[in-house]
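The structure appears below as structure tokens.
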Number of protein chains: 2
Amino acid sequence: MTGQVRTVDGRVAGRRGQATRQKLLDCLSEMLSSSPYRDVKVIDVARKAGTSPATFYQYFPDVEGAVLEIAEEVAKEGAGLTELVAGRPWVGKAGWQTAEELVEGFLDFWRRNDAILRVIDLGAAEGDKRFYKIRMKILNSVTNSLTDSVKELQAKGRVDKDISPAAMAGSLVAMLAAVASHQKGFTTWGVKQAELRPNLALLVHLGITGKKPTK
Amino acid sequence: MTGQVRTVDGRVAGRRGQATRQKLLDCLSEMLSSSPYRDVKVIDVARKAGTSPATFYQYFPDVEGAVLEIAEEVAKEGAGLTELVAGRPWVGKAGWQTAEELVEGFLDFWRRNDAILRVIDLGAAEGDKRFYKIRMKILNSVTNSLTDSVKELQAKGRVDKDISPAAMAGSLVAMLAAVASHQKGFTTWGVKQAELRPNLALLVHLGITGKKPTK
DNA sequence: ACTTGTCCTGTCATGCCGTCAGCTTACCGA
DNA sequence: TCGGTAAGCTGACGGCATGACAGGACAAGT
């Protein structure tokens, strides 16, 4: 498990090579934000990076391979989302704040990386295991924390025994992800961000604790 | 607004032509279920339909054009989802049943059409207005009904005034759509359908009425 | 059989894909 | 300073999908 970056044909990449590789990744990332995934061509990425298509194929097997690379990076960042839930309280005013900050943090993360997350989502929905795994990695950080929170509340008798912590957490996280990826849609449809976030927080709070929050 | 089906070059299609066209749509539909959208090629669709690529281009400008066609059909079917909410009660046991049936109906609809809905979702998320419009058409049928339900309950004083009906309905519908499109994901992850549906119904009920259901 | 209009396909220019051999560049030890 | 070696890059090529066109096949009416 060395951090060795290798080319497709097995050579180890040096300083220059890594720079080129990174530049290709950056350009691909940018292209994903500005044009449909389906239309992203190797030749365009290469041109944008000021290199040739052949160079691209030295570092990545194909476009999807490069996308997976970017996705892994985002997944690493996403692991930090656990902080939004782990060890936070779910009672009283503090509980409401937990819900609010979770929503806030989640939506921001999604907006920062929306292009690549869209592609991950599609790949996962289409049944590609690699993308599915990455999606899990990102969402699990929050889902698992939320699942634990529910279990804890159940143990204390504050939440009904008959709800499934995993299903509840998964549903809520799926909701956050879906709303996040259609944020623009909501706004053009007439729902303002200012209305959206409190509502999501309310739903999260209701789902986890089963009670209305005390603001 | 005649129902006239036309070829790309303007001629009206006859019986035989319409049959060919429909066959191409069917084959495309099938291909979308079995392979990633990105990899669907005109030549494959044509081969599967027992015809030539040139024929495909007589009826559709490109793959996306044909996909939009299929999407419109699904949107028409989706309009019927209003029935799951319109005029249904949200109090007592009947309220719980409304929530359950909504979840059930929604998930079934999604599973029946998951391939095309995935593509619509992607197109919408990528900012394509045509796909966005279609997505709205499908989701609005439910969202608007739910929005009305919330407004009604607010008018009766049964729901807090400070929640935005549109944001709440939109969030819940987005959740249903997201969970639906990752149904397989949930199951391979260890959450059973039998757990998932009641949880979703619970969340819907909580979101709309603000109260736990009486089962 | 002939005509007319619909329907399909063979073919072609174009452009992207993915690979390879071979050239250039950087690093290093003598 | 000077090769030697490995990293890094690219031109060029066969292969395939695209999208356009003209012309052949076919059904229906006369």
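Just so you know, these numbers come straight off a predicted model, no measurement behind them. Here is the naming used below: chain letters follow the sequence lines, and residue numbers restart at 1 for every chain.
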For [X] and [N], what is the distance between atoms [atom1] and [atom2] respectively, to the nearest whole Å?
X       : N      : atom1 : atom2 : value
A/Phe60 : C/dC17 : CZ    : C1'   : 17 Å
A/Asp9  : D/dA6  : CG    : P     : 13 Å
A/Leu24 : D/dC9  : CG    : C1'   : 12 Å
A/Arg11 : C/dC20 : CZ    : P     : 13 Å
B/Asp39 : C/dC17 : CG    : P     : 13 Å

Proximal nucleotide (of [options]) relative to the [X] side chain:
X       : options                : answer
A/Val42 : C/dG18, C/dA26, D/dT18 : C/dG18
B/Thr55 : C/dG18, C/dC8, D/dG19  : C/dC8
B/Arg47 : D/dT18, C/dG18, D/dA17 : D/dA17
B/Gln58 : C/dC8, D/dT10, D/dA7   : C/dC8
A/Ile43 : C/dC17, C/dT19, C/dA26 : C/dC17
A/Ala54 : C/dT19, C/dT9, C/dC27  : C/dT19

Is any side-chain N or O of [X] closer than 4.0 Å to OP1 or OP2 of [N]?
X       : N      : answer
A/Arg15 : C/dC27 : yes
B/Thr20 : C/dC7  : no
A/Tyr57 : C/dT19 : no
A/Thr7  : D/dA7  : no

message: Donor-acceptor check, side chain of B/Asp128 to backbone of B/Ala124, threshold 3.5 angstrom: yes or no?
response: no
- prompt: Which of these passes salt bridge (charged side-chain N to carboxylate O under 4.0 Å, His left out) with B/Asp114: B/Arg118, B/Arg111, B/Arg112?
  reply: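 Among B/Arg118, B/Arg111, B/Arg112, the one meeting salt bridge (charged side-chain N to carboxylate O under 4.0 Å, His left out) with B/Asp114 is B/Arg118.
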message: On DNA chain C, compare the nucleotides closest to B/Gly50 and A/Lys41; which residue's is nearer the 5' end?
response: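 Result: B/Gly50.
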- request: Please figure out whether B/Pro61 or A/Phe56 has its closest DNA chain D nucleotide nearer the 5' end.
  value: A/Phe56
query: Touch check for A/Arg16, heavy atoms < 4.0 angstrom, all strands: base, sugar-phosphate only, or nothing?
result: sugar-phosphate
- request: Pick base, sugar-phosphate or nothing for A/Tyr59, based on heavy-atom distances below 4.0 Å to the nucleic acid.
  value: sugar-phosphate
query: Does a side chain donor of either A/Ser149 or A/Trp90 reach within less than 3.5 Å of an acceptor in the other side chain?
result: yes
field: B/Asp26 versus B/Gln22, side-chain donor and acceptor atoms under 3.5 Å
entry: yes
- prompt: Using 4.0 Å as the upper bound for N to carboxylate O, is an ion pair formed by B/Glu64 and A/Arg38?
  reply: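 Salt bridge absent between A/Arg38 and B/Glu64.
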